[in-house]
Every structure is written in structure tokens, then in C-alpha cells.
Amino acid sequence: MKYKSLMIALAALITGCNINDPVAPVWDVSVTAPIANKEYLMSDILEDESENLFHYNNGSNKDVLYFTDSYQIDKITFEDKLKIDGFSESITENAGALKIESDTVQGNVGSTELGLNPAVRIAVPPINDKKVASDLSEPGNFLQARFKSGSFDLVIRNNFTSDVSVTVSNISLVNSDDGSVIAMHGGSVTIPPSQSVLVSDLKINTEIYVKNRLKIEAVLSTQGSGGDEVRIPDNFLTLTAITKNLEVSEATAKFPEQDFITINGTVKIGDKNERIARAAIKSGALDLRLTNNTGLDAEIRYSFPQIKTADGNIFEGAAVIAGGESKNLFDNKSLSGYSVEAAGGLLEELNYAIEYRIVSDNQYKTIKSSDNAKADFEFSELTFEEFEGYISPFEFEPEKTSFAFDFEKDKIDFDKLFLSNPVFSIKLKSTADIKFLIGGKLKLFMPDGTVKNFNLNGNTLSAVLITPSTERIYINGDSVSAFIKNLDEIPDSAVVELSGTVNPDFEYVSVKSTDYIEGELEAEIPLDFGIQHAEYTDSIEIELSDDDRDLLRDIKYLEANLDLENGLPVNLSFTGRLYDAAGNFLTYFPPAEFQDTLISVSAAETDLNGYAVAPKESYVKVIADSAVSAKIADAAYMKVRLRFSTAPANKPVKIRSTDTIRIKAFGVSEYKIEPGNN
């Protein structure tokens, strides 16, 4: 044996050079074999496990560990969320009064009607109240008409050249076929010879149809020529009727160019009381169908004066629609690039104007009072690049941000955790001059497949109404502590879902589709906590030398010693297991036959602030036989498990980076070496 040979050589040196009769001395040998000696700073256990664990360098929390991290929240963009619902309108307008051109018609009262022979010279006798009638020439501009307004002037010429004056009374313009009176003059006029008299503004009867076969009826009187002979003209009187200012409600006529139907109106924007100062349209379309339910061909002019085209002009145009036809002027016409602009103030309604103008063709056309024009238009949902005004509150769908936790969960575990003074906040940045009401959830995805939900609302947030000046909102620390207390594992990952209502108070806003709200979820969690059954595992390399290993294989028994020093303000328990280089389990440490040897150390003494000030120690010694000693000799590493608990779990203590745990494992053996015992 190597160690026995060494002892015999040492004995020879010590006894000197004198050679006496050999006596067999007995040596009591005590050997200490260091197995493991490890000191854990909390910075080793926690800070090195995550790049997000630090300790405070100053202040009242100096050296206290804290976890901090930030997770970028996906941008909440307005994009297509600036919009108003589609709106439509259908308008029908009956044909109003239409103008027709004036006509001049003429007729004569023949001398023969008075019993006088033309072309002779005689003394004209007196004539009293002679009824006369004269057919008039046909008017050229209508065949029949019901007039809405109008009149005519009647010019009466006395064709006698001298001596005979004529008095005309009870003048009537009538339809030739039925004698219905179109206009009349109840007075009388006297016309000197060779002169004309104007009877003006005889109002047209609007109750009857005026036909194109007309005549004048009147009562004629004269005192004659006073006995003088005069030449008798062919026609005693010439009658000329001149129509003027004619407007018809129904007619078969030749219609000159004119506006005859105008559809003016407003259409309400959206259906939620939106009001626009200015809005640049990103997407949306217009359908416009016009119908000409008249017998007149018409040129249509349309205008939406508050809608501007991409080049800044009023949205307007023209088309021609034949009588009795409909036309789709726009079928899903894109309004992208257009804008809606108030000329001052705010728009709740869009103005529109659609004018029907007759296209004249000098042909007789018929129009009735029941004829109409119709406009049907529909604006699809409009989304905006920019919007200034009052836009109704709208929801935005939850924006989801995912992130994973970077703890090595195979080394850290716990049953319950109580956090004191955790700080969770959402840092916000908004480019929009708009308020929004925020809400949502923090979802934790656990290793067992369950999902834990933490609601973000008025009970858990420092503010839910976010204004343009809001930079940060905080998550209520007590709520977080209560939530985390119910967790018994570190989550695999998490999702932040932010949702909410934009412009909840229906205020005046100025916003663009490119505006956004972005943020970061930030956490700062001091390790000022209560914890139940937290667990940390590690592997410690066995420090035995080759000589130590040889010794341990040869000795008969071994005292296996473990010295634990707990410098943490939490209760500590220890178990250890030894494994060979191939990862095969060898034995428990301190050795036990069937299960882990659990060694507990109470928490270090703390001051009033919860800081550890005096460590506690536990010392254990176990006697192991040669078989166990040989297993220890073969050990390559020790896997240790440390469990922590505060008592009670919801009473916080403060963990500092300088707090330590010391583990010292060693074996001691004493035995006798007898010379010659090989």
C-alpha cells in the first residue's frame, strides 16, 4: 500500500541510524479528505442566471438584488382605423316649370262680318255691340300646354284709313275646339283709323290646356263715318297676339335650353355624429346613378363642393342622359387621394347639387307634371390618411406582444412567491394628438400548458385614459404581488395584449393614419420578497486528489462531514448527491441508505429592515463504511439542491448580492498502521 510504505519510510527516518532489534510500532493516522468547498454569493445564484438581475449600488436598497427587463410592445397603428361608416342618399325631384319661347299669332276681322263689301266706297253706318271672332294662326312653339304662368299682349289695328273709329270690348282668347277661355280683357278700347292700340298683360288661365288652334272673340262698335263715304278695307281689324314669359307645367312643345330640374341637398356624414374640419381620404368609393324620368334629353351637371379632387378642385362633372333613361355615372369610383374640407367650421353633412339642363333639338317633346329626375348615390366606408375634427370613438383590436423568460428554470423553482414593492410600468409614446382608453391582459403561459391571466384595467393600472402627454403608466404593485403569489412555477413565455378605445370622449382630434402608439413593458422587481419552497440546483466539482481517492478506497470507515453556513435571511435546506464522471448516481451526501439526507439551516438573523446581519450554521457528521467511502472516491461531482423559504412566505425579506451560502464537505478517517502489514 502506498500510504503504508510512506509511513514505514518516515518511521525509519525518525528512529535515526541506530539499528536495534526490530519492534513493531503502531501509528495512529488521521486523514482529512476535502470533498467540496463552495461559497455562493447571491450574485452567483441569481445574477449569473440572468442578464437582467442586478443589485442597487446605493440608497436604502444598497446591494439588494433586483430583476429588471423591458419588452417592446408592438406598435398600435391607426392605419385603416380612421374611418366613418358608409352613407347613402336617394332623391327624387319632380319637374318644375319649364320655359318655352314666345309666339306671335295673328288674325283678322273681315269687313264682310259687318255686312260691308270690301273695295267699295260707302258711308259706314253706326254699329253697336257686334260680336265678332277671328281665328289666329297656329303658334309654332307648342301644340298644347298647361301654363304655370304667362301672359300675352294684344295689338288691335283699325284698317280704315279715315273717319271710322272702332271700339272693341269683352276681348277673349279662347281654344277654337271647345271655346274655353284662355285669357280675357273685360274693358274696352277705341282705335282711331289707321292706328293700333296695345292691350297688354292679359293673364293666361293656368287651369286649362291651351291648344294650338286659337281664336279671339270680342264685341265691336263704331259710330260709322258720319255720312262720309270711305273705302272699305278687306279686314275691318287686324289682331296680333304676342305671348310672353311662358312657363308650362305640362306641355307638348319645343323646349329651349334651360335648367329644369335641380336636386340640391345634404347627406349626413356617417351615422355617429362625425364632424369634419378636414379629412384626406385614403380609401373609399362612390356609386352615382342618375335617372331622367322625363321625355326631355338633358345634360347633367353634378357637384360635391366640399369634396376636393387630388389636385384641389371641386369634385364636379357633367354627362348627357336621354329622356326616359338611367345612367351609372360612377360605379365604385375610387376617392383615394380626395379630401373633404369645410370652408370654415365643421361639416356634419355634405352638400350636393345635381342640375338637369335641357338639350334643345327643336323637336316637340312632351313633359308632364308627374315627370321627375332621380339621383341615387352611395359612399362606401371611408378611411382617412388624415382626419381633423370629431371622429366617433372606435375600438382597436388587441395588439399582441410575445416574450420569453430567460431564467434557467432547471436551476430555480418555487411553490409560492410574494413580491414586495414590484414596479411594472408601460412606457408609452404616441405621435397622435388623441386620447385613448387602454385595457388588455398579461397572459403567462405556464410549463404545464395552463395560461394565467392578469387583467389590465382601472383596478390594476395607475391610469387608463391615456393623453398625448402621458409618458408612463404603472401596474398596481399589490395586484402584481397577489397575482404572482398564485404562481408556483416560472412561466415559459408571456403575451401582452393591449386593446382599447380611441377618442373615448368624442373630442376634436387631429390624427394621421401613420400615427402610432408604441411602448415598452418595463419591470423592476427588488428581491424584497416572501418565498415558499424556492429551489436552486447546481453541480459542484469534487476536489479530491488522486492520493485522496486511493486513500478513500482503502480505509475501513469514513466520517462524512458537512458544514453549512446560511448567510441569507431565509430558511435553507440542503441535499446532495454524488455522481461519477459518466453521470451515474453513486450515493447521497451526507451518506444515507435509501433517501436524501435533508439538512436544514434556519435563516440568518435580520435587522429591522429585513437585511441578514448574522449567519446561522449547521454541522452534520455521518459514519460511512468502506463501500460508501469507495463510492465517494469515484465521485466526479456533487449535485446539490438548495431550498429556500421565508417564514411566513408573505413576510418580505431583502436579498443582497453580498449574502452568501457556504458548503463545506470533507471526509475524516483515523486508523492504525502496523509495520509489515502489507
What verdict does the side chain to side chain donor-acceptor pair (under 3.5 Å) test give for Ser165 and Thr190, after you've listed the backbone C-alpha separation in whole Å, the side-chain angles of each residue and the deciding distance to 0.1 Å?
CA-CA 7 Å; Ser165 295; Thr190 300; over 6 Å; no

Could you go through Thr294 and Asn292, starting from their C-alpha distance and side-chain angles, then the distance that decides it, and tell me whether this counts as side chain to side chain donor-acceptor pair (under 3.5 Å)?
CA-CA 6 Å; Thr294 75; Asn292 180 7; 2.7 Å; yes

Ring pair (Phe, Tyr, Trp, His ring centres under 6.0 Å) between Tyr302 and Phe330, intermediate numbers included
CA-CA 12 Å; Tyr302 62 86; Phe330 298 120; 5.5 Å; yes

Take Ser336 and Ser334, measure what side chain to side chain donor-acceptor pair (under 3.5 Å) needs, and give me the verdict at the end.
CA-CA 6 Å; Ser336 176; Ser334 173; 4.7 Å; no

Trace of the side chain to side chain contact (heavy atoms under 4.5 Å, CB included) decision for Phe160 with Ile232:
CA-CA 7 Å; Phe160 282 96; Ile232 304 301; 3.9 Å; yes

Val181/Asn205 under side chain to side chain contact (heavy atoms under 4.5 Å, CB included): CA gap, chis, key distance, verdict:
CA-CA 7 Å; Val181 177; Asn205 184 359; 5.6 Å; no

Determine whether Ser149 and Thr206 satisfy the following criterion, side chain to side chain contact (heavy atoms under 4.5 Å, CB included), listing intermediate values before the conclusion.
CA-CA 7 Å; Ser149 63; Thr206 59; 5.6 Å; no

Taking it one step at a time, do Glu471 and Lys427 satisfy salt bridge (Lys or Arg N to Asp or Glu O under 4.0 Å)?
CA-CA 6 Å; Glu471 295 182 356; Lys427 185 178 180 181; over 6 Å; no

Applying side chain to side chain contact (heavy atoms under 4.5 Å, CB included) to Lys365 and Thr252, what does each step give before you reach the verdict?
CA-CA 5 Å; Lys365 299 290 180 68; Thr252 299; over 6 Å; no

Given Thr383 and Ser283, is the side chain to side chain donor-acceptor pair (under 3.5 Å) satisfied, shown in steps?
CA-CA 5 Å; Thr383 63; Ser283 66; 2.4 Å; yes

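Among all heavy-atom pairs drawn from Leu154 and Leu202, the shortest one is CB-CD1, 4.3 Å. When all heavy atoms are compared, the tightest approach of Ile269 to Glu274 is O-OE1, 3.5 Å. Looking at every heavy atom in both residues, Ala253 comes nearest to Phe142 through CB-CB, 3.7 Å. The shortest heavy-atom contact between Ile314 and Thr309 is O-CG2, 4.3 Å. Between Ser90 and Lys374, the closest heavy-atom pair is OG-CE, 3.4 Å. Between Tyr352 and Thr266 the shortest heavy-atom distance is CE2-N, 3.4 Å.
Ion pair Arg301/Glu299 flagged as a salt bridge, since at least one NZ, NE, NH1 or NH2 atom sits closer than 4.0 Å to an Asp/Glu carboxylate oxygen. A salt bridge between Lys244 and Asp201 is present, with a side-chain N of the basic residue lying under 4.0 Å from a carboxylate O of the acidic one. Remark: Glu386 engages Arg278 in a salt bridge, criterion side-chain N to carboxylate O under 4.0 Å. Of the charged side-chain nitrogens involved, none lies within less than 4.0 Å of a carboxylate oxygen, so that Asp177 and Arg213 do not count as a salt-bridged pair. Electrostatic pairing of Lys512 and Glu385 does not count as a salt bridge here, judged by no charged N lying under 4.0 Å from a carboxylate O. Ionic pairing of Glu217 and Lys215 is present here: one or more N-O contacts between side-chain nitrogen and carboxylate oxygen are shorter than 4.0 angstrom.
In this structure the side chain of Phe377 reaches within 4.5 angstrom of the side chain of Val267, judged on heavy atoms. Side-chain contact check for Gln306 versus Asn351: some heavy-atom pair is nearer than 4.5 Å. Using a 4.5 Å heavy-atom cutoff, the side chains of Ile261 and Asn372 are not in contact. Residues Ile171 and Ile156 meet the side-chain proximity criterion, which asks for heavy atoms closer than 4.5 Å. The shortest side-chain heavy-atom distance between Val210 and Gln144 does not fall under the 4.5 Å cut-off. Proximity of Glu395 to Ser499: side-chain heavy atoms (C-beta onward) are nowhere separated by under 4.5 Å. Using a 4.5 Å heavy-atom cutoff, the side chains of Val248 and Glu250 are not in contact. Glu388 places a side-chain heavy atom less than 4.5 Å from the side chain of Tyr508.
Proximity of a side-chain donor or acceptor of Thr112 to a complementary backbone N or O of Gly115 within less than 3.5 Å is not detected. The main-chain N or O of Val174 is never found under 3.5 Å from a side-chain atom of Ser172 such that the two would form a donor-acceptor pair. Although no hydrogens or angles enter the test, the distance criterion places no donor-acceptor pair under 3.5 Å between the side chain of Asp376 and the main chain of Ile91. Proximity of a side-chain donor or acceptor of Ser425 to a complementary backbone N or O of Arg472 within less than 3.5 Å is not detected. Between the side chain of Asn158 and the backbone N or O of Gln195, no donor-acceptor pair lies under 3.5 Å. Put simply, the side chain of Asp297 gets close to the backbone of Gly323: a donor and an acceptor are under 3.5 Å apart. The closest donor-acceptor contact from the side chain of Thr501 to the backbone of Leu437 lies at 3.5 Å or more, if one exists at all. In this structure a side-chain-to-backbone donor-acceptor pair under 3.5 Å is present from Ser430 to Ala432. When atom types are taken as modelled, the side chain of Asp103 and the backbone of Asn141 share a donor-acceptor pair closer than 3.5 angstrom. Side-chain atoms of Ser169 never come within 3.5 Å of backbone atoms of Gly187 as a donor-acceptor pair (strictly under, hydrogens ignored).
Summarising the geometry, atom CD1 belonging to Ile216 is positioned 10.5 Å from atom CG belonging to Asp135; distances are rounded to the nearest 0.5 Å. A distance of 9.0 Å separates CZ in Phe87 from OG in Ser380, rounded to the nearest 0.5 Å. Distance check: Tyr338 OH to Asp311 CG gives 8.0 Å after rounding to the nearest 0.5 Å. We find the CG-OG distance between Asn235 and Ser111 to be 6.5 Å, quoted to the nearest 0.5 Å. Here the straight-line distance linking atom CD1 of Ile391 with atom CZ of Phe384 works out to 6.5 Å at 0.5 Å rounding. In this structure, CG in Asp361 is found 5.0 Å from CD in Gln363, a value given to the nearest 0.5 Å.
More than 12 heavy atoms of other residues, nucleotides or ligands shown are found within 6.0 angstrom of NZ on Lys333. Other residues, nucleotides and ligands contribute only 12 or fewer heavy atoms inside 6.0 Å of the NZ atom of Lys429. Within a 6.0 Å sphere centred on CD of Glu89, other residues, nucleotides and ligands contribute more than 12 heavy atoms. The environment of Lys99 atom NZ is sparse: at most 12 non-hydrogen atoms of other residues, nucleotides or ligands sit within 6.0 angstrom. For Lys254, the NZ atom counts as densely surrounded, since its 6.0 Å shell holds more than 12 non-hydrogen atoms of other residues, nucleotides or ligands.
Partner Val164 forms a side-chain contact (heavy atoms from CB on, under 4.5 Å) with one of Asn159, Val230, Ile127 and no other, that one being Val230.
A donor atom on one side chain and an acceptor atom on the other are found under 3.5 Å apart for Ser180 and Asp178.
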